[in-house]
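Given the structure is predicted, the values throughout are model-derived calculations rather than measurements. Ligands are counted one by one from 1 in listed order, and the atoms in each one are counted from 1 as well. Because only heavy atoms are used, hydrogens play no part in the values below, and waters and symmetry mates are left out as well, while side chains stay in.
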Amino acid sequence: MAIVLIRQDGKLDLWKNTFLQQFPELPVYHYKEAHPEEEITMAIVWKHPEGSLTKYPNLACIASFGAGVDFIMEDTSRPQNVDITRVIDPALAADMSEYVLAAILGYLKNMDLYSHDQDLSSWEPKPYTRISDHTVGIMGAGTLGMALATSLSQLGMKVIGWSRSPKKEKALKIYDGTAGKVEFLHKSTILVCLLPLTNTTKGILNKETLSHLPSGAYLINVARGGHLVEEDLIPLIDSGQLSGACLDVFQEEPLPTEHPFWKHPGIKITPHVASVSDPASVVPQLVENYRRICDKEPLLHLVDPQKGY
Ligand code: NDP
Ligand code: OXD
C-alpha cells in the first residue's frame with residue numbers, strides 16, 4: 001500500500017517533504033518519480049492530468065488536496081467505484097473568512113477607488129457605506145459558508161445563507177432550494193458564492209440570477225470560475241445592477257492577459273488565493289485516511305458522487 005501525489009503547480013516537493021517530516025516512514029511518492037503503480041491505494045490530487053489515475057489498478061481512494069472536487073468529478077477516465085474525499089480544515093475555513101472579510105471591507109470603504117486616486121495624486125473623499133447597511137448573502141451554507149457566516153455575524157453583519165437542503169440554524173436564516181433562491185437574492189446586497197461546482201450549480205451566477213439582487217449589489221466569487229457566466233458580468237456592472245465584483249476564480253486560470261476583466265474598474269481580481277490548503281495543517285487528515293484504507297475503516301470527508309460534492 002502506498003500514496004501517490006499528483007499536482008502540476010510546482011508544489012509537489014513541498015507536499016512530499018511535509019508528509020515525510022510529519023510521517024517519516026510513510027510510503028509516499030510523487031507521480032513524476034519512479035513508483036510502484038500496483039501498490040498505490042491512495043492518489044492525492046489537485047488538477048491532475050486527465051487520464052493520470054488510470055494506471056493504478058488497486059486504487060481505493062482519490063483524495064483532493066483541497067475542499068473542491070470538481071476537477072476529479074470532471075475526469076471521466078478516473079476509476080469508478082473508488083472513494084473520493086476532500087479537505088475539511090478549520091485553517092482553510094479561517095483563511096477563507098479573512099479573505100471575504102477583506103473583500104467586503106475594501107468594497108465598503110472604497111479602498112480600490114482610493115488606490116486609483118492615489119495613482120493620480122487625487123484627493124477626493126467619497127461616500128461610503130457601513131457594515132450595518134448591508135446584508136451578506138452566502139450561496140453555499142456548507143463548511144466554508146457557515147464558518148464565514150459565523151465570523152461576519154460576530155462583527156455585527158447581517159448574514160443570510162442558501163443551501164440545497166433545508167437547515168435549522170438558530171442564529172442564521174438559511175433559504176434553500178429553488179423555492180428559497182429568489183427571496184434570498186432579493187435580500188442580499190453583497191453576494192458571496194461558496195458553492196461547489198456541480199452540474200446543478202454551473203453557470204448559476206448569470207444575468208437572470210444576478211438581476212434578482214437589489215440594484216447596486218456587490219458580487220464576491222470565491223468558489224469556482226464555472227459558477228459565473230463571464231460574459232454577463234460586465235454588462236451588469238456597466239448598467240449599475242451590480243456596483244462591482246471581487247473575483248478569485250475564473251473559467252480559465254491563469255486568467256488570460258487579454259481578458260476584459262483585467263481592465264474593468266469595477267472588477268477586483270486575485271489569482272485563486274482566497275484560501276489555500278496549508279500542507280502542515282492538512283497532511284494529518286490525509287494520512288489518517290490512508291491509515292483507514294490500510295485498516296479497511298470508513299474514510300473521513302467522503303464526497304457523495306451523486307451530488308458531486
Ligand atoms: P461544502 O460541501 O461543505 O458546502 C457546499 C454548500 O453548497 C452546502 O451548503 C450545499 O448545500 C450547497 N449547495 C450545493 N449544491 C447546491 C445547490 N444546487 N443549490 C443550493 N446549495 C447548494 O463545501 P465547502 O464549503 O467546503 O467548499 C465550497 C467550495 O469552495 C468548494 O467546493 C470549492 O470549489 C470552493 N473553494 C475555493 C477556494 C478558493 O481559494 N477560492 C478554497 C476552498 C474552497 P447542502 O448543505 O444542502 O448540502
Ligand atoms: C480548494 C481550492 O478547493 O483551493 O480547496 O480552491
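Ranking the protein heavy atoms by distance from atom 46 (O) of ligand 1 puts Lys167 NZ, 2.6 Å first. Ranking the protein heavy atoms by distance from atom 4 (O) of ligand 1 puts Gly142 CA, 3.2 Å first. Here the protein heavy atom with the shortest distance to atom 48 (O) of ligand 1 is Tyr309 OH, 2.5 Å. The protein heavy-atom contact nearest to atom 47 (O) of ligand 1 is Ser165 OG, 2.5 Å. Protein heavy atom nearest atom 32 (O) of ligand 1, with residue, atom name and distance: Pro196 CA, 3.4 Å. Among protein heavy atoms, atom 25 (O) of ligand 1 sits closest to Leu144 N, 2.8 Å. Given atom 2 (C) of ligand 2, the protein heavy atom at minimum distance is Trp46 CH2, 3.4 Å. Nearest to atom 1 (P) of ligand 1 among the protein's heavy atoms is Arg86 NH2, 3.4 Å. Scanning the protein for heavy atoms near atom 13 (N) of ligand 1, the closest one is Leu195 CD2, 3.6 Å.
The local environment of NZ in Lys158 is crowded, with over 12 non-hydrogen atoms from other residues, nucleotides or ligands closer than 6.0 Å. The 12-atom threshold is exceeded at NZ of Lys126, counting heavy atoms of other residues, nucleotides or ligands nearer than 6.0 Å. Heavy atoms of other residues, nucleotides or ligands lying less than 6.0 angstrom from NZ of Lys207 number 12 at most. Within 6.0 Å of atom NZ in Lys202, 12 or fewer heavy atoms from other residues, nucleotides or ligands are found, so the atom counts as exposed in its surroundings.
Of all the atoms in ligand 1, the ones that sit under 4.0 Å from a non-hydrogen atom of His272 are 39 (C), 40 (O), 41 (N). Taking a cut-off of under 4.0 Å to the non-hydrogen atoms of Thr200, the atoms of ligand 1 that pass are 18 (N). Listed by number with element, the atoms of ligand 1 under 4.0 angstrom from any heavy atom of Asp248 are 39 (C), 40 (O), 41 (N). Within ligand 1, counting atoms from 1 as listed, the ones closer than 4.0 Å to a heavy atom of Val249 are 41 (N). Atoms of ligand 2 found under 4.0 Å from any heavy atom of Arg224, numbered from 1 in the order shown, are 1 (C), 2 (C), 3 (O), 6 (O). Taking every non-hydrogen atom of Val222 and a distance limit under 4.0 Å, the qualifying atoms of ligand 1 come out as 36 (N), 37 (C), 38 (C), 39 (C), 41 (N). For ligand 1 and Thr201, the ligand atoms under 4.0 Å from any heavy atom of the residue are 15 (N), 16 (C), 17 (C), 18 (N).
Not a single heavy atom of Gly66 sits under 4.0 Å from any atom of ligand 1. Heavy atoms of Lys181 come nearer than 4.0 angstrom to ligand 1 in no pair at all.
Residues Leu12 and Leu14 are not in side-chain contact: their nearest non-hydrogen atoms beyond the backbone lie 4.5 Å or more apart.
Of the heavy atoms in Phe71, none comes closer than 4.0 Å to ligand 2. Of the heavy atoms in Ser275, only backbone atoms (N, CA, C, O) come closer than 4.0 Å to ligand 2.
When Ala67, Ala223, Pro196 are checked for heavy-atom proximity to atom 5 (O) of ligand 2, Ala67 turns out nearest. Closest heavy-atom approach to atom 35 (C) of ligand 1 within the set Gly145, Ala223, Ala274: this belongs to Ala223. Closest heavy-atom approach to atom 9 (O) of ligand 1 within the set Ala141, Pro166, Ala93, Gly308: this belongs to Ala141. When Gly177, Ser275, Ser163 are checked for heavy-atom proximity to atom 42 (C) of ligand 1, Ser275 turns out nearest.
Of the polar atoms of Val273, none of the N or O atoms is found under 3.5 Å from an N or O of ligand 1, judged by distance alone. When only interatomic distances are considered, the shortest N/O to N/O separation between Ser277 and ligand 2 does not fall below 3.5 Å. For Arg164, a nitrogen or oxygen atom sits less than 3.5 Å from a nitrogen or oxygen atom of ligand 1, counting backbone and side chain alike. For ligand 1, the polar-atom distance check finds no N/O of Leu194 at less than 3.5 Å from any of the ligand's N/O atoms. For the pair Thr143 and ligand 1, the shortest N or O to N or O distance falls below 3.5 Å. The N/O atoms of Trp162, backbone and side chain alike, include none that comes under 3.5 Å of an N/O atom in ligand 1. Checked against a 3.5 angstrom limit, the closest N/O atoms of Gly68 and ligand 2 fall inside it. For ligand 2, the polar-atom distance check finds an N/O of His272 within less than 3.5 Å of one of the ligand's N/O atoms.
The backbone N or O of Gln251 sits less than 3.5 Å from a side-chain atom of Glu230, completing a donor-acceptor pair. Listed for the Glu39 side chain is no donor-acceptor partner under 3.5 Å among the backbone atoms of Pro36. Checking side-chain atoms of Thr129 against main-chain N and O of Asp133 turns up no donor-acceptor pair under 3.5 Å. At distances below 3.5 Å, not a single donor-acceptor pair connects side-chain atoms of Thr85 with backbone N or O atoms of Leu302. Between the side chain of Ser122 and the backbone N or O of Gln118, no donor-acceptor pair lies under 3.5 Å.
A salt bridge links Glu297 to Arg291: one of the charged nitrogens lies within less than 4.0 Å of a carboxylate oxygen. A salt bridge does not link Lys167 to Asp176: none of the charged side-chain nitrogens sits closer than 4.0 Å to a carboxylate oxygen.
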Q: Could you please spell out the steps behind the side chain to side chain donor-acceptor pair (under 3.5 Å) verdict for Thr209 and Asn206?
A: CA-CA 5 Å; Thr209 304; Asn206 56 37; 3.0 Å; yes
Q. What's the verdict on side chain to side chain donor-acceptor pair (under 3.5 Å) for Tyr290 and Thr41, showing C-alpha distance, side-chain angles and the deciding distance?
A. CA-CA 8 Å; Tyr290 175 67; Thr41 46; 5.0 Å; no
Q) Which is it for Ser281 and Asp89 under the side chain to side chain donor-acceptor pair (under 3.5 Å) test, yes or no, and what are the steps along the way? A) CA-CA 8 Å; Ser281 179; Asp89 177 35; 2.9 Å; yes
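Ring geometry for His35 against Tyr56 counts as tilted: the plane angle lies between 30° and 60°, on a 0 to 90° scale.
Among residue pairs with one or both ends in residues 260-285, those qualifying as ring pair (Phe, Tyr, Trp, His ring centres under 6.0 Å) are His259-Phe261; sequence neighbours excluded.
Figure legend: cation-pi geometry between Lys16 and Phe19 absent, as NZ or CZ is not positioned both under 6.0 Å from the six-membered ring centre and within 45° of its axis.
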